[in-house]
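Input: a single structure, listed below in structure tokens.
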Amino acid sequence: MKALVLAGIVTFGLSGAGEAQEADVAAGKAYAEEVCAACHAVQGGDLESPLFEAPPFQDVADTPGMTELALSVWLQSSHPTMPNIVLEQDDMRNVVAYIRSLKGEG
């Protein structure tokens with residue numbers, strides 16, 4: 001049973017890695033600039049968001065443990081101060097890849 005669970009985790013992990021390779025960082029940045037920048041600082045190194053309550057993407061990227069999965073969950077969770085934006089899967093994958101690309105730039 002343990003081997004089956006481990007195989008499932010490895011398979012899930014490998015499929016997640018494949019999705020990240022297919023993501024388009026430039027498209028994620030363009031989406032963030034168009035949809036997210038009204039509230040969030042979306043450029044690498046920018047540490048002050050237009051809306052105080054909205055974390056800069058740089059801070060999000062540099063948060064310890066902020067994995068692709070954690071970002072996907074974060075983007076799909078409603079927040080009291082965030083509008084209910086529903087991202088298509090490709091857009092979410094691209095935005096996640098863009099945010100992850102910012103890690104360490106700040």
Minimum heavy-atom distance [X]-[Y], with the two atoms named:
{"X": "Gly65", "Y": "Ala70", "answer": "O-CB, 4.0 Å"}
{"X": "Val42", "Y": "Ala32", "answer": "CG1-O, 3.8 Å"}
{"X": "Pro50", "Y": "Ala41", "answer": "CD-N, 3.8 Å"}
{"X": "Thr67", "Y": "Arg100", "answer": "CA-NH1, 3.8 Å"}

| query | Would Tyr98 and Ile85 show up in the same hydrophobic cluster when neighbours are defined by side-chain heavy atoms closer than 4.5 Å? | reply | yes
Distance, nearest 0.5 Å, that separates [atom1] of [X] from [atom2] of [Y]:
{"X": "Glu68", "Y": "Arg93", "atom1": "CD", "atom2": "CZ", "value": "10.0 Å"}
{"X": "Asp59", "Y": "Glu48", "atom1": "CG", "atom2": "CD", "value": "11.0 Å"}
{"X": "Glu33", "Y": "Gln43", "atom1": "CD", "atom2": "CD", "value": "4.5 Å"}
{"X": "Lys29", "Y": "Leu102", "atom1": "NZ", "atom2": "CG", "value": "8.5 Å"}

| Considering only heavy atoms from C-beta outward, does the side chain of Asp46 approach that of Pro56 to under 4.5 Å? | no
Does [Y] offer a backbone N or O that forms a donor-acceptor pair with the side chain of [X] under 3.5 Å?
{"X": "Gln58", "Y": "Gly45", "value": "yes"}
{"X": "Ser49", "Y": "Phe52", "value": "no"}
{"X": "Gln76", "Y": "Ser72", "value": "yes"}
{"X": "Asn94", "Y": "Asp24", "value": "yes"}

| said: Parallel, tilted or perpendicular, judged at 30° and 60°: which one describes the rings of His40 and Phe57? | reply: tilted
